[in-house]
Amino acid sequence: MRYWLMKSEPEAFGIDDLARVGREPWDGIRNYQARNFMRDDMRPGDLALFYHSNADPTGVAGIMRIAGEARPDPTAFDPEAKYYDPKSRQDAPRWYLVDVEFERKLGRIITLAELRTRPELADMPLLRKGNRLSILPVEPQHWQAILDLE
DNA sequence: GCCAACGTTGGC
DNA sequence: GCCAACGTTGGC
């Protein structure tokens with residue numbers, strides 16, 4: 001089983017929203033690296049940190065479970081959708097999503113600022129300068145170290 | 001709201 | 001294939 005970190009702006013969709021709906025298609029990803037992680041490397045049962053970006057505070061807010069194999073992102077086909085991409089066609093989908101399930105909300109937000117103070121997390125891709133990827137793999141030892149902060 | 005970082009697009 | 005222009009992400 002692998003571990004992941006997935007970012008969302010809580011103003012659009014946060015951990016409380018996921019707690020309410022239980023399960024959600026993680027749509028709107030329009031970055032090839034992030035897509036490849038979902039399509040090629042994620043498996044049902046994998047766990048992911050739910051990370052609040054562009055938030056106050058920004059940081060890890062909860063845990064969710066990958067609930068199924070990747071499938072084409074239908075919002076890419078919809079001209080009315082915010083993330084419509086005319087280059088993604090039904091017979092040749094360009095963008096994919098995975099469904100995620102709520103696992104639990106953390107007792108508190110583990111902030112980005114706090115993660116940055118931990119030497120054992122220093123080599124996490126999340127903390128590398130300029131990294132904007134919205135889906136990232138997390139090493140098991142980093143996963144454990146983050147949850148130990150809770 | 002600003003801006004650094006960085007990915008994508010498209011002209012050549 | 002290069003690279004300038006442009007758009008987006010996301011921290012602050």
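The analysis underlying the following values was restricted to heavy atoms, covering all of them including side chains, and did not include hydrogens, waters or symmetry mates. Note on naming: letters A, B, ... go to the chains in the order of the sequence lines (proteins, then strands), and numbering restarts at 1 for each one.
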What's the CG-P distance between A/Leu133 and B/dG7, to the nearest Å? 8 Å

From B/dT9, C/dC12, C/dG10, pick the nucleotide closest to the side chain of A/Arg116? C/dC12

Below 4.0 angstrom from OP1 or OP2 of C/dG10, is there any side-chain N or O of A/Lys7? yes

With distance as the sole test, does A/His52 use its side chain to make a donor-acceptor pair with the main-chain N or O of A/Gly62 at under 3.5 Å? no

Only one of A/Arg104, A/Lys105, A/Arg108 passes salt bridge (charged side-chain N to carboxylate O under 4.0 Å, His left out) with A/Glu150, and that residue is A/Arg104

Testing the basics here: between A/Gly45 and A/Met1, what is the closest heavy-atom pair and its distance to 0.1 Å? O-SD, 3.2 Å

Given atom CZ of A/Arg132 and atom P of C/dT8, what is their separation to the nearest angstrom? 11 Å

Rounded distance (Å) that lies between atom C1' of C/dT9 and atom CG of A/Leu5: 15 Å

Under the 4.5 Å side-chain heavy-atom rule for ILVMFWY, direct or indirect, which residues accompany A/Trp95? A/Tyr32

Look at A/Tyr51 and C/dG11 and indicate whether a side-chain polar atom (N or O) is within less than 4.0 Å of OP1 or OP2. yes

Between P on B/dT8 and CD1 on A/Ile29, what's the gap in Å once rounded to a whole number? 13 Å

Is it the case that the side chains of A/Tyr51 and A/Ser134 hold a donor-acceptor pair, with the cut-off being a distance below 3.5 Å and no angle test? no

Nearest-nucleotide 5' precedence on DNA chain B, A/Asn54 against A/Asn31: A/Asn54

To the nearest Å, how far apart are A/Tyr32 OH and B/dG7 C1'? 10 Å

Please state how far atom CD1 in A/Ile109 lies from atom P in C/dG11, giving the value in whole angstrom units. 12 Å

I need the residues from residues 117-130 of chain A with at least one non-hydrogen atom less than 4.0 Å from DNA chain B; give them sorted by number, or say none. A/Lys129, A/Gly130

Say whether A/Thr75 and A/Arg30, considering side chains only, have a donor N or O and an acceptor N or O under 3.5 Å apart. yes

Rounded to whole Å, the CG-P distance (A/Asp85 to C/dG7) equals 16 Å

A/Arg39 charged N/C atom sitting above A/Tyr96 aromatic ring, 6.0 Å / 45°: yes

Expressed as a whole number of angstroms, how long is the span from A/Glu9:CD to C/dT9:P? 8 Å

